[in-house]
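Bear in mind the structure is a predicted one, so any value in this text is a computation, not a measurement. We use all heavy atoms of the structure for the numbers below, so side chains are in, but hydrogens, waters and symmetry mates are not. Residue numbers run from 1 in the order of the sequence given.
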Amino acid sequence: MNTKDEGKGYIYHIEEEVLQEYQKKPIYLRLKWLYMGNCLRMGYNKKIKDAHDVFRKDT
């Protein structure tokens, strides 16, 4: 991978079957999960948010 974003974030593997099952879920449910995750993050203190942000930045 050779992009301007190289070195940011992290990589993980999802089994194809798991991905296919997720894609079968209704869009409103997938959006609800995303929204709930964002709400949860808003409740974190600054120290935890900063720790999470380390994974999103160049190292």
Side-chain angles (χ1 to χ4, degrees):
M1 183 165 111
N2 189 9
T3 69
K4 67 178 182 175
D5 293 331
E6 189 172 309
K8 293 183 180 179
Y10 54 92
I11 296 173
Y12 59 96
H13 177 76
I14 299 175
E15 297 293 329
E16 186 64 30
E17 297 81 25
V18 173
L19 184 57
Q20 289 173 359
E21 285 299 314
Y22 176 79
Q23 291 172 338
K24 291 178 184 177
K25 303 295 183 194
I27 190 71
Y28 74 87
L29 184 57
R30 291 185 271 162
L31 289 172
K32 184 177 180 179
W33 289 338
L34 182 61
Y35 174 75
M36 292 172 74
N38 286 331
C39 288
L40 181 62
R41 179 173 162 79
M42 288 191 303
Y44 292 164
N45 66 36
K46 182 172 175 16
K47 183 177 178 182
I48 293 173
K49 286 181 186 177
D50 289 346
H52 285 176
D53 290 342
V54 168
F55 291 103
R56 296 185 177 120
K57 296 180 181 176
D58 285 337
T59 55

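- The distance from atom CD of Glu17 to atom CD of Gln20, rounded to the nearest 0.5 Å, is 6.5 Å.
- Neither Leu29 nor Met36 shares a network with the other; the hydrophobic side chains, linked directly or stepwise wherever heavy atoms of I, L, V, M, F, W or Y lie under 4.5 Å apart, form separate groups for each.
- For the pair Tyr22/Val18, no side-chain contact is recorded, criterion being any heavy-atom separation below 4.5 Å from C-beta on.
- For Lys49, the NZ atom counts as densely surrounded, since its 6.0 Å shell holds more than 12 non-hydrogen atoms of other residues, nucleotides or ligands.
- Criterion: ILVMFWY side-chain heavy atoms under 4.5 Å apart, direct or through other members. Under it, Leu34 and Leu40 are not part of a common hydrophobic cluster.
- Ion pairing between a basic and an acidic side chain is recognised when a charged N comes within 4.0 Å of a carboxylate O; Asp53 and Lys46 show no such pairing.
- Here the closest non-hydrogen pair linking Ile14 and Leu19 is CG2-N, 4.0 Å.
- Minimum heavy-atom separation, Lys25 to Arg30: O-NE, 3.1 Å.
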